[in-house]
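Single-structure report; data block below.
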Amino acid sequence: MSDPLTLDQLRVLVTVADAGGFSAAARRLGRAQSAVSQSIQALEGHLRLKLFDRRTKLPRLTEAGQAMLEEARRLLKSAELLRARAEGIAGGLEPELSIAVNPLLPLPPALAALRALGNEFPQLPVTLLTEGIDAPERHLRDGTVQMAIYPVERAVTDLEATLLMEVRLVPVVARGHPLAELPAPLPRAALAEHVQLVLTDGSPRGGPGRGVLSPRTWRFADLNTRLQFLLAGFGWCNMPEHMVARLIAEGRLCRLRLEEQEGLTLPLHLVHERGRPPGLAGRWLAARLRQALEEWSPPSTG
């Protein structure tokens with residue numbers, strides 16, 4: 001059996017309460033006072049509650065009426081949000097936006113872009129996955145996310161990748177590590193005597209070997225975990241400059257000057273499956289992220 005309770009009845013209840021009476025509510029709604037009274041009477045019948053005390057000149061909400069008024073406001077707000085979300089989806093907005101992000105993405109511009117996204121699409125549910133270096137592509141390929149941000153360093157035919165930025169990598173070591181005491185520039189032979197902390201994709205091949213100069217390696221799947229081992233003096237590695245500039249300035253890390261590999265960079269791409277472009281919010285976020293990256297001034301180690 002259908003429920004005779006309607007949003008219009010709830011809207012009339014709220015209007016009567018806000019206007020202070022039936023006649024004032026009728027004028028505000030552009031209806032006859034009798035129609036407003038009938039709507040309230042029907043609502044009271046459906047709820048089996050007396051909502052107004054009519055013994056005074058101006059009707060006053062009963063205790064039950066006050067409680068129902070708060071619920072009516074909440075339901076009307078939910079209905080407005082439902083309508084707005086439906087209109088957005090009908091206009092091309094994703095029901096939900098899911099993104100997987102490599103931790104190489106600088107946090108300040110990422111936060112600026114995501115905050116702007118929340119302001120532009122306040123009702124849009126967003127899932128943001130931040131995991132190890134290989135996770136974004138894996139999530140993209142298994143359909144967990146619609147977009148991913150990570151370095152694409154090999155040719156792919158089933159994905160579309162747009163370059164967002166080049167992440168500058170600098171060789172660093174903890175202050176107090178033996179390499180920090182050697183005169184610059186350091187030859188490859190000096191580096192080979194110490195452990196290099198390397199990021200791996202977790203595959204049986206051990207991950208990419210770009211930038212590996214030492215035969216002695218400790219491998220990590222998580223950038224932030226590697227940073228903690230770096231600070232603890234376990235070895236040296238190439239780190240994103242924007243992540244270590246403050247630590248170098250504070251004296252916790254020391255930048256190494258090498259005979260080779262100065263100016264090493266890593267591309268960071270915005271990626272989606274070919275033939276499945278992002279929706280309205282995804283395209284908006286991509287544009288806003290590019291703008292935020294252009295406006296951002298990355299910290300430098302000199």
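Computed over heavy atoms, backbone and side chain alike; hydrogens, waters and symmetry mates excluded.
Salt-bridge formation is detected for the pair Glu137/Arg141: a Lys NZ or Arg NE/NH1/NH2 atom is positioned less than 4.0 Å from an Asp or Glu carboxylate oxygen. Salt bridge Arg276/Asp158: absent, no basic N to carboxylate O contact under 4.0 Å. The pair Arg246-Glu250 counts as a salt bridge, with a side-chain nitrogen and a carboxylate oxygen less than 4.0 angstrom apart. Between Arg54 and Glu44 there is a salt bridge, since a side-chain N of the basic residue sits under 4.0 Å from a carboxylate O of the acidic one.
Val12 and Leu5 fall within the same hydrophobic cluster, defined by Ile, Leu, Val, Met, Phe, Trp and Tyr side-chain heavy atoms under 4.5 Å apart, directly or through other members. Put simply, Leu128 and Leu285 are part of the same group of oily side chains (I, L, V, M, F, W, Y) that touch within less than 4.5 Å, one to the next.
Side-chain contact check for Gln196 and Thr217: no donor-acceptor pair (N or O, by modelled atom type) lies under 3.5 Å. Between Arg28 and Thr15, the side chains place no donor N or O within less than 3.5 Å of an acceptor N or O (distance only, hydrogens not considered). Judged by distance alone, the side chains of Gln146 and Ser98 do bring a donor and an acceptor atom under 3.5 Å apart. Thr6 and Asp8 form no side-chain donor-acceptor contact under 3.5 Å, judged by distance and modelled atom types alone.
Ring geometry for Phe234 versus Trp218: interplanar angle of 30 to 60°, hence tilted.
Interatomic distance, OG of Ser23 versus CG of Leu58, reported as 7.5 Å (0.5 Å rounding).
Counted within 6.0 Å of CD on Glu63, heavy atoms from surrounding residues, nucleotides or ligands total 12 or fewer; the atom is thus considered open.
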Exercise for the section: Verify side-chain contact (heavy atoms from CB on, under 4.5 Å) between Leu169 and Thr265, making sure each step is shown before the conclusion. Expected result: CA-CA 5 Å; Leu169 305 177; Thr265 61; over 6 Å; no

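When the options Pro299, Ser300, Pro109, Pro108 are evaluated for a side-chain contact (heavy atoms from CB on, under 4.5 Å) with His242, the one that passes is Pro299.
Smallest separation of non-hydrogen atoms from Gly235 and Leu230: O-CD1, 3.3 Å.
Counting only distance, with no hydrogens or angles, the side chain of His177 and the backbone of Leu179 share a donor-acceptor pair below 3.5 Å.
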